[in-house]
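Taking it in order: structure first as structure tokens, then the write-up.
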There are 2 protein chains.
Amino acid sequence: MQSRREFAAASPYSSRMRILIADDHPLFRGALAQAVRTVAAGAQIEEVGSFDAALAELAAYPHTDLVLLDLHMPGSHGLMALATLRAEYPAVAVAMVSAHDDVTTVQRALVHGALGFISKRSSLDELQAALRTVLAAQTWVPPPLREDLSSHPPALAERHLAARLAALSPQQMRVLVLVADGLLNKQIADRLGVQERTIKAHLSAIFERLDVRNRTQASVLLRSLELADPAQRLDP
Amino acid sequence: MQSRREFAAASPYSSRMRILIADDHPLFRGALAQAVRTVAAGAQIEEVGSFDAALAELAAYPHTDLVLLDLHMPGSHGLMALATLRAEYPAVAVAMVSAHDDVTTVQRALVHGALGFISKRSSLDELQAALRTVLAAQTWVPPPLREDLSSHPPALAERHLAARLAALSPQQMRVLVLVADGLLNKQIADRLGVQERTIKAHLSAIFERLDVRNRTQASVLLRSLELADPAQRLDP
DNA sequence: CCACCTACTGGACGATCGTCCGATGCAGGA
DNA sequence: TCCTGCATCGGACGATCGTCCAGTAGGTGG
């Protein structure tokens, strides 16, 4: 799949590996951390429960080796979180973690730069195997899906979309995310601490790279990374 | 669930029932038509393979009694097709038909005005029971999901979204769809055969009813009806 | 009949958008 | 070192957006 930069397997001679676990389910997050400790004894593990917290953690420690990113958590709009993270930290490997492990979703995650896709329905053995694989900078997908994935290449439109989004610089991606929230240029400028003029310059570049004509079309492209959230029952 | 108008069960004394089957899979479409013929002998059945064709058919025969609408077909962006159809023909009952029958999707379809949800994985007996139910203007959902659906009410945000979108007039919905495609006001005006001034007036009303401030936020709302398409492999 | 909604249109106006020209400083790769 | 990309900013300008004021016409239901 397309990747901005090759991931390097963490060398045993280097400093301790740093692994960030981002999942809003504390129990599963803990189980994930325990599994990581089992397969990578010396790893330094951080746990967060929201996408914003994950971004903050990465901002503090940009040299993180691997992020285990839940597909559905507060602030992460499906694959938008993956794209944001890939734009901001191209050198950081990201493995998606989700129970929503249908072929198309896994395929989309890989196309958009995920190193692997770990199913939450994995057994402990499988989970550990998955972690060993991604820690060695190898792609992992749930075994039952491998045949389907290899026989059905991703849609051309999806790869095209991924290529266009991957062409954006980190700041451009930040601007695009805010545009897709419906903010005005002035508001985006204030949010990012720059002049409105700068936002306009970014937008012109964004439109050119995404091959669109206005902000609405650009946000449609980004929003297409949104996935239907299978667990959006906030109303008891 | 919310509905603009109550559906009336087709009276046996009235003229023949008119049923529109919209599904891009010819085989399943035929099977569906056969099942309809079995449970409603005298019904007049029309079959189309795209959402645009469905709209054209309804434009020609607005007095259709029931539409069996595939969730994933060319031109229908997930639940956007349902919303469009409900806005245009509030009196026409719509039953969604899909193999993508997870609880959340079914629930969203009902919230957005579907009379029922028929799973493509149904047996022939179940399919006929489902058709009899929706033809009697009763809600149908796949039996395995009924317990889940009754115990988990839909998200407040989803109902709020549905209420706002259902408040739009047919023409306003048409405008919104084109806005969400990134078209300029002038382009929308040309497409609908009116003045740009009129589009602006519609947009002001749309923004007020959707409680948003600009076209980008409005298109985000509409696009949230989009579902991840499980079968978007166009690339052999 | 009248109130109400829908659809369409007009003038005017400020706000916002997006692009054209240009510029600077900085970091990283060839 | 040179070159490219990134990020920032400026002026100017036309295009577009969105709202304020207003009006006409048709259909529907109480």
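A, B, ... follow the sequence lines: proteins, then strands. Residue 1 opens every chain. Only this structure's heavy atoms are used, side chains among them; waters, hydrogens and symmetry mates stay out.
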Under the rule of Watson-Crick or G-U wobble with both distances under 3.5 Å, where | means paired to another strand and [ ] a crossing pair, DNA chain D maps to ||||||||||||||||||||||||||||||

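- When rounded to the nearest whole Å, the span between CG of A/L183 and P of C/dT16 equals 12 Å.
- For the pair A/R215 CZ and D/dT16 C1', the computed distance is 12 Å after rounding to whole Å.
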Stepwise side-chain contact (heavy atoms from CB on, under 4.5 Å) test for B/L225 and B/L82:
CA-CA 9 Å; B/L225 293 183; B/L82 173 62; over 6 Å; no

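- The interatomic distance linking B/Q195 (CD) with C/dG11 (P) rounds to 10 Å, in whole Å.
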Please evaluate residues A/Q138 and A/R132 with respect to the criterion side-chain contact (heavy atoms from CB on, under 4.5 Å), reporting the C-alpha separation (whole Å), side-chain torsions for both, the decisive distance (0.1 Å), and the verdict.
CA-CA 9 Å; A/Q138 303 288 319; A/R132 281 194 200 93; over 6 Å; no

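- Regarding contacts with the backbone of C/dG18, every side-chain N or O of A/R213 stays at 4.0 angstrom or more from both OP1 and OP2.
- Atom CD1 in A/I206 sits roughly 14 Å away from atom C1' in C/dC17 (whole-Å rounding).
- For C/dT6, neither phosphate oxygen OP1 nor OP2 lies less than 4.0 angstrom from any side-chain nitrogen or oxygen of B/Q172.
- Distances shorter than 4.0 Å separate some side-chain N or O of A/S204 from OP1 or OP2 on C/dT19.
- When the C1' atom of C/dC17 is taken as reference, atom CD of A/Q187 falls 14 Å away, rounded to whole Å.
- Proximity of a side-chain donor or acceptor of B/D24 to a complementary backbone N or O of B/S50 within less than 3.5 Å is not detected.
- Using a 4.5 Å heavy-atom threshold, the side chains of A/T133 and A/T139 count as separate.
- The CD atom of B/E208 sits 13 Å away from the C1' atom of D/dC20 (whole-angstrom rounding).
- Toward the 5' end of DNA chain C, the nearer of the two residues B/Q171 and B/K200, judged by each one's closest nucleotide, is B/Q171.
- Here the side chain of B/R215 pairs a donor or acceptor atom with the backbone of B/L183 at under 3.5 angstrom.
- Side chain of A/R86 to main chain of A/H112: no donor-acceptor pair is present (N/O by atom type, distance under 3.5 Å, no hydrogens or angles).
- Side-chain N/O atoms of B/N185 include none lying less than 4.0 angstrom from OP1 or OP2 on D/dT16.
- With hydrogens and angles disregarded, no donor-acceptor distance shorter than 3.5 Å links the side chain of A/D70 to the backbone of A/A22.
- Note on B/S169: every side-chain N or O is 4.0 Å or more away from OP1 and OP2 of C/dC5.
- At a cut-off of 3.5 angstrom, the base of C/dG11 holds at least one donor-acceptor pair with the side chain of B/R197.
- One atom, CG of B/L168, and another, P of C/dC5, lie 15 Å apart when rounded to the nearest Å.
- Distances shorter than 4.0 Å separate none of the side-chain N or O atoms of B/T198 from OP1 or OP2 on C/dA7.
- At a threshold of 4.0 angstrom between heavy atoms, the contacts of A/A205 with the nucleic acid are absent.
- In this structure, CG of B/L203 is placed 14 Å from P of D/dC20, rounded to the nearest angstrom.
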